[in-house]
Amino acid sequence: MLVALVPSGAGGLLRPLADDGTPAGPERFVPDLAGAVAEVESRDRPRWLWASTAEIYPRLVQRGVRVERCHDLELAEALLLGAEGAWGQPRTIAAATARLAGLPVPPDPPARAAEPPGLSQDSLFDAFDAPAVPLDDLLAVYQAQRRRIEALPELPSAHPLAPRAGAMRTLVAAESAGALVAVEMGLAGLPWRADVHDALLRELLGPPSPVGGPPARLAELGVRLNEALGQRVHADSPAELLRAFARAGIMLRSTRKWELEHVDHPAVPILLEYKELYRLWTAHGWSWLDQWVTGGRFRAEYIPGGVVSGRWATRGGGALQIPKIVRRAVVADPGWALVVADAGQLEPRVLAAVAGDRRLARAGAAGDLYAALATEAFDGDRAKAKIAMLGAMYGQTGGNAAPALAALRRFYPTAWDLVEEAARTGESGGLVRTWLGRTCPPASVSWREGFDEPGAEVESRGGAKGRARGRFTRNFVIQGTAAEWALVLLARLRAALAGRRAELVFFQHDEVIVHCPQEEAQEVAAAVHAAGDEARRLLFGDTEVRFPLDVTIVGRYSDAK
DNA sequence: GAGTTGTGCGCC
DNA sequence: AAAGGGCGCACAACTC
């Protein structure tokens with residue numbers, strides 16, 4: 001059963017639908033949207049049909065209302081447009097409606113900027129404006145999406161077996177479920193102890209400057225850097241540093257850490273320490289704390305499908321780049337625990353499952369895939385096995401990877417062919433898809449390395465740009481399919497946790513954190529393992545490959561792993 | 001002064 | 001000759 005929902009003022013319009021999207025009852029206006037949704041949800045557990053989970057669902061969750069399932073029309077629209085060769089076209093209901101009618105298509109509204117918590121809290125309680133879209137349009141777009149899924153064209157895909165439509169239905173459902181998780185997780189926030197964070201900063205940086213300048217330890221390093229170089233430099237300016245080193249007779253191409261590490265000069269260790277602390281101060285210092293942590297929680301906004309590969313992005317606070325050192329401040333509430341789960345070696349396992357390479361799949365059944373590879377094909381050299389796998393997935397061909405890659409190619413030709421084929425497709429201007437059918441952007445709309453120049457599609461066939469494109473499509477299949485596995489895990493885990501006090505509080509590509517009462521922690525850990533198994537079965541059926549999760553129950557994030 | 005690009009580095 | 005994918009963010013340096 002489906003129920004279509006369009007917000008309007010503080011209330012909204014609801015209409016029950018049959019599974020194919022045709023009306024199964026009258027439309028009704030409800031003055032209290034959250035209350036009405038709660039009532040229908042507990043009675044019928046329908047799949048909610050709405051334009052955008054990110055726009056609508058926060059208002060419900062803020063009022064304590066959660067739903068089990070939805071169909072997010074905008075996310076589905078984006079997936080379908082990609083599959084139909086119209087990647088990046090506007091995805092709103094208004095745009096989709098205009099396309100159906102053959103009318104000019106309005107562009108999507110620009111993305112909102114990240115809003116620190118506090119500034120935006122009130123607006124979450126604001127009523128909606130007048131109904132943004134007619135409910136009939138919602139129905140028409142949904143019905144059309146169902147037809148379009150059934151009529152999907154054949155495109156290069158990693159998935160040799162599942163029917164296109166079946167895979168896409170799974171993908172749309174998973175993407176929509178992910179959108180529910182994203183809203184709930186963003187509002188829950190990651191438990192964050194500002195006092196612990198502050199103590200950490202003082203320990204590493206010294207006391208903050210009362211006038212807003214660099215903290216004591218950083219200022220001191222700046223002085224020592226000047227002394228070591230024999231001149232005054234602005235340590236944050238790469239250009240100045242290059243000139244200063246040049247005067248000392250050291251020619252550098254850049255001031256990157258890995259380049260400096262090979263330079264023998266007394267200023268280098270000072271500069272490296274300065275860079276590390278400077279970064280901590282600017283990116284995760286006191287102003288970050290003031291801006292993003294409120295009420296003991298770091299609240300990020302998660303954006304499902306925000307990365308073209310299907311990975312999530314975040315807005316605000318750099319939630320996917322929390323430095324290891326700062327994770328000390330992520331502490332469970334008293335009496336609660338953090339269940340931290342990490343899928344180890346996810347991408348090579350995905351390659352093993354996707355390629356259907358029997359030999360690689362056997363290695364993927366092991367707890368340590370690289371070690372298994374090493375035993376079979378790399379004379380026990382685990383490091384070499386890892387270089388080979390990473391090189392194959394990322395497109396590295398030179399340097400010390402070459403001999404390792406040769407061994408990989410010889411021992412695992414089926415997997416090798418899969419990534420090579422993806423790369424060739426990209427280099428020649430073609431499109432690739434993930435296992436469930438997410439399509440990569442065409443070369444003409446890629447925003448990297450000048451793909452968006454006129455004629456870039458032709459230019460990209462060969463030359464450095466073409467090879468860059470090949471590396472992108474090669475990796476897209478693996479990264480995107482890994483994102484799908486993680487998305488399904490997240491959806492299954494959410495379902496398993498429903499009704500408990502446990503809350504999903506963090507998700508980062510292949511890692512998830514649940515905050516729960518200590519007495520629930522063991523069951524939550526079991527639920528995470530079960531969700532991983534379900535994700536494997538749903539995507540890959542009876543594959544031999546395993547996707548082991550490293551699950552730890554800790555009081556603070558930094559104690560995991 | 002505002003906006004854009006480049007650099008560098010954090011995470012996966 | 002060498003050639004690793006995806007991001008977000010902050011700052012410097014640049015353009016207009």
Side-chain angles (χ1 to χ4, degrees), chain A residues 111 113-114 214 233-242 252-260 271-272 274-285 287-288 291-292 300-303 305-327 342-348 350-351 386-402 404-405 419 422-423 426-427 432 440-441 446-450 463-483 486 506-512 557 561:
Chain A
V233 289
H234 194 196
D236 321 323
S237 163
E240 271 191 45
L241 285 169
L242 289 183
L252 293 172
R253 280 182 61 250
S254 73
T255 61
R256 285 191 165 88
K257 192 165 64 179
W258 52 263
E259 191 165 347
L260 285 170
L271 179 56
L272 290 175
Y274 180 93
K275 277 169 168 284
E276 194 178 327
L277 294 182
Y278 177 79
R279 169 130 193 119
L280 175 66
W281 176 54
T282 56
H284 286 93
S287 55
W288 181 91
Q291 195 176 4
W292 297 109
E301 184 182 358
Y302 293 90
I303 306 170
V307 178
V308 295
S309 65
R311 278 184 171 183
W312 290 15
T314 56
R315 247 196 309 254
L320 300 184
Q321 299 106 246
I322 301 169
K324 294 249 161 80
I325 183 91
V326 175
R327 295 178 183 187
D342 179 320
Q345 308 171 339
L346 178 56
E347 294 194 345
V350 163
L351 172 56
K386 185 172 177 177
I387 286 171
M389 279 305 286
L390 295 178
M393 292 188 299
Y394 292 153
Q396 184 176 14
T397 54
N400 53 3
L405 285 165
V419 291
E427 283 188 35
V432 295
C440 76
S446 180
W447 57 99
R448 297 196 185 288
E449 306 207 18
K465 287 177 184 173
R467 286 193 296 278
R469 171 86 186 158
R471 288 193 295 276
F472 168 68
T473 52
R474 170 196 294 267
N475 185 253
F476 181 92
V477 176
I478 307 299
Q479 186 186 115
T481 303
F506 190 64
F507 172 58
Q508 181 176 232
H509 311 317
D510 61 0
E511 183 178 356
V512 57
Y557 188 14
K561 282 190 258 191

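All values reported here derive from a predicted model rather than from experimental measurement. In what follows, chains are A, B, ... by sequence order, proteins preceding strands, each numbered from 1.
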Nucleotide nearest [X] when distance is taken to its side chain, options [options]:
X: K257(A); options: dG4(C), dG6(C), dG10(B); value: dG10(B)
X: V307(A); options: dC9(B), dC7(C), dA3(C); value: dC7(C)
X: R256(A); options: dC12(B), dG6(C), dT7(B); value: dT7(B)
X: R279(A); options: dC9(B), dA3(C), dC7(C); value: dC9(B)
X: A313(A); options: dC9(B), dC7(C), dG6(C); value: dC7(C)

Apply ring-ring contact (aromatic ring centres under 6.0 Å, His included) to Y394(A) and list each qualifying residue two or more places apart in sequence or on a separate chain.
none
Euclidean distance, R327(A) CZ relative to I322(A) CD1, rounded to 0.5 Å
6.5 Å
[X] side-chain N/O to [N] phosphate OP1/OP2 under 4.0 Å:
X: Q321(A); N: dG10(B); result: no
X: R467(A); N: dA3(C); result: no
X: K275(A); N: dG10(B); result: no
X: R311(A); N: dG6(C); result: no

Verdict with supporting geometry, D236(A) and Y278(A), side-chain contact (heavy atoms from CB on, under 4.5 Å):
CA-CA 8 Å; D236(A) 321 323; Y278(A) 177 79; 3.3 Å; yes
Let me know the distance between [atom1] of [X] and [atom2] of [N], rounded to the nearest Å.
X: E511(A); N: dC12(B); atom1: CD; atom2: P; result: 6 Å
X: E427(A); N: dA3(C); atom1: CD; atom2: P; result: 17 Å
X: Q291(A); N: dG8(C); atom1: CD; atom2: C1'; result: 13 Å

Can Y394(A) be said to stack with the base of dG5(C), given centres closer than 5.5 angstrom and planes under 30 degrees apart?
yes
Is the ring pair H284(A)/W288(A) parallel, tilted or perpendicular, if the boundaries are 30 and 60 degrees?
tilted
How does protein reach along nucleotides 11-16 of chain C, written 5' to 3' as B (base within reach of a heavy atom under 4.0 Å), S (only sugar-phosphate), or - (no contact)?
SSS---
For a quick check of understanding: with a heavy-atom distance under 4.0 Å over all strands, which category does G391(A) fall into, base, sugar-phosphate or nothing?
nothing
Taking 4.0 angstrom as the limit, do E347(A) and R311(A) come out as a salt bridge?
yes
Could you give me the CA-CA distance, side-chain angles and deciding distance for Q479(A) and V307(A), then say whether side-chain contact (heavy atoms from CB on, under 4.5 Å) is met?
CA-CA 10 Å; Q479(A) 186 186 115; V307(A) 178; 4.2 Å; yes
Using the test salt bridge (Lys or Arg N to Asp or Glu O under 4.0 Å), find all partners of D510(A) that sit at least two apart in sequence or belong to another chain.
none
